[in-house]
Amino acid sequence: MSSVDVELNTPQAEAVAHVNGPLLVFAGAGSGKTRVITYRVANLIARERIAPYRILAVTFTNKAAGEMKHRLTGLAGEDVVRDLWVGTFHATCARLLRRHGEAIGLTRNFLIYDTQDQKAVVTRVLRELDLDERRYPPRSVLYQIHKEKQEGRGPDEMSPESYVDDAVIKVFRRYEAHMREANAVDFEDLIGHMVRLLEREGEGDAIRRRFSHVLVDEFQDTNAMQYRLVRALVRDHNNICVVGDDDQSIYRWRGADVRNIRYFRRDFPGATVVKLEQNYRSTGNIVRAALGVIAPSPHREPKELWTQNDNGPPIEVMAAADERDEAAFVTGRVLDARKAGASLREIAVFYRVHAQSRVLEEALRIANLPYQIVGGTKFYERAEVKDALAYLRLLANPRSDVDLLRIINTPARGIGTTTVDRLVSFAGSRNQSIHEALEVIDEARDIAAAAQKRLAALRHLLERLRARVEIASPSDVFLEMIEQTGYREALRADNTAESDARLENLAELGGSIREYEASAAAAGEKASLDGFLESVSLQSDIDGLRDEPRVTLMTVHGAKGLEFEYVFLTGMEEDMFPYKSMDERGDEELEEERRLAYVALTRARRHLVLTHTQARQIFGKTRWGAPSRFLRDLPREAIVHKQTRGAKSVPQRFIDRPERPLAPAPWAAASRGGWGAPSAPPAPARPAPSQTPGQRYVDREFFQDDHGGESAPLRRGSRVRHQQFGEGEVRSVVHAAEPAVVAFFPGWGEKKILTRFLRPA
DNA sequence: TCTTTGTAATTTTTT
DNA sequence: ATTACAAAGA
């Protein structure tokens with residue numbers, strides 16, 4: 001046995017040792033997923049002698065990709081990691097498309113438009129088509145376009161069964177034309193073009209042949225096109241390993257389709273399936289609580305998280321009077337934790353929506369507790385940074401109209417909306433990009449001579465700078481740009497606190513360009529403006545913030561993949577969590593809320609506190625909320641109910657889980673200021689699996705023991721007999737939903753077994 | 001062209 | 001409560 005094997009449990013080792021053919025790994029929360037992925041890759045290289053450059057590992061975020069590279073560097077060394085293909089879906093596609101994209105009409109230096117750019121294109125198209133922006137909000141039109149693209153449909157293939165407004169189709173068509181004209185792609189295009197390329201003879205084969213082993217992390221988050229991409233990529237060899245957890249699928253609203261992981265077995269016949277169910281992260285109470293919340297979820301792949309860890313302290317469910325009371329309570333507990341020696345780094349406060357953060361922030365500030373909010377306005381979304389980047393992109397790719405229009409009068413240079421409108425229609429009438437139109441601006445009759453002059457001056461300015469791109473380093477070009485365009489001077493003249501902050505942000509951008517140059521040099525590549533822009537457009541935020549310990553505030557979505565010693569989950573009221581939006585909440589959405597709650601609970605290592613309020617101000621209105629239905633799914637023995645001094649006590653009916661689906665009666669009694677909840681329906685009782693024969697997956701084992709079957713008094717050292725494994729010895733007792741132990745069977749190794757499958761030996 | 005005022009919207013987020 | 005964004009005024 002090598003040292004590698006010793007560090008892995010049985011299913012982990014199985015996943016690591018697997019080499020060829022499809023492999024599906026269900027990775028429960030805290031089950032050592034990253035370890036399995038990295039060891040598996042290391043194993044392919046070291047033992048199976050697969051060349052690193054033939055292995056592709058795909059993630060969803062740059063952070064996850066970075067983490068994977070980091071961990072692999074420790075295992076396999078820098079040289080190996082440099083040759084591996086590790087990246088997000090989008091970054092990987094961009095990289096391949098720059099090399100092979102000519103075949104489908106992409107030039108090497110295409111731009112990637114982010115959401116804001118895309119929206120600007122839509123807005124422009126709406127105006128061109130003279131459509132009312134109130135009737136067709138750009139945001140929602142863009143959303144509809146993306147929905148189609150995520151399913152791989154263009155304007156001409158939009159699904160006829162789903163009624164779509166004719167106007168949207170028109171906008172879609174022109175949107176695509178504009179993107180082509182600007183030599184730009186959106187995020188969906190990166191995937192879509194790649195699929196098209198892969199499905200072609202020649203180029204497709206070449207790309208397919210590149211990779212002999214493909215791995216996809218967080219597979220439950222893939223959408224239809226990403227799934228198609230993966231299938232096309234591994235068509236020849238089926239050496240595909242996907243890792244994920246259907247219980248943690250929380251991105252349905254952005255196109256993710258859990259069925260990709262649930263139907264993997266069907267689509268890749270003969271797939272090996274491994275389930276990582278041992279949780280190394282959390283206490284027994286937390287694991288059981290999480291199981292209680294996720295168990296009622298229908299269709300889930302049967303799996304049972306368990307842990308050998310001790311039970312730990314009980315989970316607290318705290319009732320507060322309102323959101324200020326709640327925030328004060330959380331702050332007090334954070335202070336206690338710090339007094340007890342916890343680092344603020346180990347403490348997180350979660351909420352369902354960002355709007356909840358303000359009150360928490362205020363309370364923490366009063367208590368002088370440093371905090372950081374994850375997911376506020378991102379660095380690269382600040383106006384000044386976007387402006388500067390627009391200039392840089394325009395230097396790299398003159399045809400980018402969105403960028404040109406963004407900066408055409410920034411800083412103010414006397415080019416107003418009238419001039420811009422005329423310029424746009426002038427370019428449109430000649431079927432040219434605006435940049436091309438600028439070259440012949442003197443032919444534009446409607447544009448006043450003075451305005452023509454200013455436009456020409458802008459053109460010359462851009463040309464001067466563009467000439468420098470060939471010669472100077474990206475960071476020098478950047479400095480010359482903010483100087484010569486007058487951008488910096490305009491901010492300096494402003495001389496307000498805000499303009500100071502903006503100047504600082506520009507300095508930081510300059511710093512990140514230099515950082516890019518350094519990393520390019522380290523990788524032996526030439527730093528180019530194109531290269532920098534690419535790294536920016538596929539990277540969302542700068543996380544290299546100062547390392548002072550801080551309390552972390554974030555939405556539950558943002559928490560996925562993280563873990564903390566202390567977790568405070570706030571706003572556990574009906575209509576907050578599960579969240580109630582304007583439109584009707586479908587069953588699917590409710591199930592996603594449930595999974596979201598599961599994700600939240602499983603972030604905590606040892607201390608978990610859930611808070612809910614009687615009344616909450618949100619969006620200027622007061623909501624009276626009953627405790628969340630998810631609270632009643634927590635196993636009673638793992639939790640303790642408390643209330644702050646300001647809160648009234650919680651009626652028992654909000655604590656108990658109803659035996660049978662309730663008649664609506666007890667809920668209907670709303671009393672202002674009490675725990676009335678006119679809008680709160682009774683939580684759906686746990687589905688009785690035996691009564692729903694049509695379901696695909698029924699977790700029978702779990703439910704059968706829900707009535708509390710007597711378990712034999714087993715302890716470490718007890719001798720037991722199992723039908724298949726024979727006689728063995730109990731190594732530890734496990735805290736799972738049902739009594740279980742880990743036992744050692746000679747010839748089989750350690751196995752986790754439900755107690756009811758064991759007989760005393 | 002720039003500033004002010006009014007109005008509507010407001011889950012979750014990556015790339 | 002807050003904010004973003006568009007139309008109207010200086």
Side-chain angles (χ1 to χ4, degrees), chain A residues 58-65 87-95 112-120 123 127 132-134 137-140 143 146 149-150 185-192 194 218 221-223 225-226 249-256 323 350-359 362 374-378 380-381 383 409-420 450-451 454 534-541 554-561 571 575-583 585 589-590 592-593 595-597 599-600 616-622:
Chain A
V58 186
T59 63
F60 271 87
T61 64
N62 289 299
K63 206 173 144 206
T88 62
F89 267 102
H90 301 272
T92 305
C93 288
R95 200 172 152 194
I112 301 164
Y113 275 10
D114 67 16
T115 315
Q116 281 182 41
D117 302 330
Q118 294 158 19
K119 215 172 112 198
T123 308
R127 285 182 190 160
D132 182 8
E133 284 170 50
R134 265 201 289 250
R139 235 191 76 166
S140 99
Y143 174 76
H146 278 108
K149 294 185 81 164
Q150 275 169 3
V185 300
D186 60 27
F187 296 121
E188 268 70 42
D189 288 331
L190 286 170
I191 313 289
M194 197 63 221
E218 303 282 15
D221 289 341
T222 49
N223 66 29
M225 283 303 275
Q226 288 159 343
S249 163
I250 55 173
Y251 287 117
R252 203 181 83 97
W253 47 274
R254 69 181 194 209
E323 74 277 5
F350 299 160
Y351 34 79
R352 179 65 182 78
V353 297
H354 278 302
Q356 291 170 253
S357 73
R358 172 162 275 104
V359 183
E362 278 164 13
V374 175
T377 313
K378 308 235 165 54
Y380 284 112
E381 283 165 15
N409 197 36
T410 313
R413 49 171 72 90
I415 303 172
T417 40
T418 320
T419 308
V420 172
R454 293 187 204 115
E534 166 111 6
S535 75
V536 165
S537 59
L538 292 177
Q539 185 162 279
S540 55
D541 55 342
M554 59 181 150
T555 64
V556 179
H557 282 90
K560 195 174 140 197
D575 296 352
M576 280 305 286
F577 200 172
Y579 190 82
K580 174 147 180 184
S581 58
M582 302 276 285
D583 35 276
R585 211 177 19 190
E589 277 158 71
L590 186 61
E592 184 143 312
E593 296 285 321
R595 295 192 293 263
L596 195 53
V599 168
R616 177 182 301 274
Q617 291 259 343
I618 188 114
F619 303 133
K621 287 206 187 77
T622 303

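So that the names make sense, note that chain A is the first sequence line, chain B the second, and so on, each numbered from 1.
The side chain of A:Arg127 lies closest to C:dA6 when the candidates are C:dA6, B:dT15, C:dT2. Here the side chain of A:His354 is nearest to one of B:dT12, C:dT3, B:dT15, namely B:dT12. Checking B:dT15, B:dT11, C:dT3 against every side-chain atom of A:Glu589, the shortest atom distance belongs to B:dT11. Between B:dT15, C:dT3, B:dT11, one nucleotide has an atom nearer to the side chain of A:His90 than all others, and that is B:dT15. When distances are taken from the side chain of A:Tyr579 to each of B:dT11, B:dT15, B:dT12, the shortest belongs to B:dT11. The listed nucleotides are B:dT15, B:dT11, B:dT13; the one nearest the side chain of A:Val353 is B:dT11. Taking every side-chain heavy atom of A:Asn62 into account, B:dT15 is the closest of B:dT15, B:dT13, C:dT2.
With hydrogens and angles ignored, a donor-acceptor pair closer than 3.5 Å exists between the side chain of A:Arg352 and the base of B:dT12. For A:Thr88 against B:dT14, a side-chain-to-base donor-acceptor contact under 3.5 Å is absent.
Pairing each heavy atom of A:Glu592 with each of A:Ser249, the nearest pair is OE1-O, 3.7 Å. Scanning all heavy atoms of the two residues, the minimum distance from A:Val58 to A:Thr88 falls at CG1-C, 4.0 Å.
Residue A:Asn409 is in sugar-phosphate contact alone, with no base atom involved, counting any heavy-atom pair closer than 4.0 Å across all strands shown.
Across C:dC5 and B:dT12, the matching P atoms stand 16 Å from one another, rounded to whole Å.
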> Can A:Tyr351 and A:Thr555 be said to form a side-chain contact (heavy atoms from CB on, under 4.5 Å), step by step?
Replying inline: CA-CA 5 Å; A:Tyr351 34 79; A:Thr555 64; 3.8 Å; yes
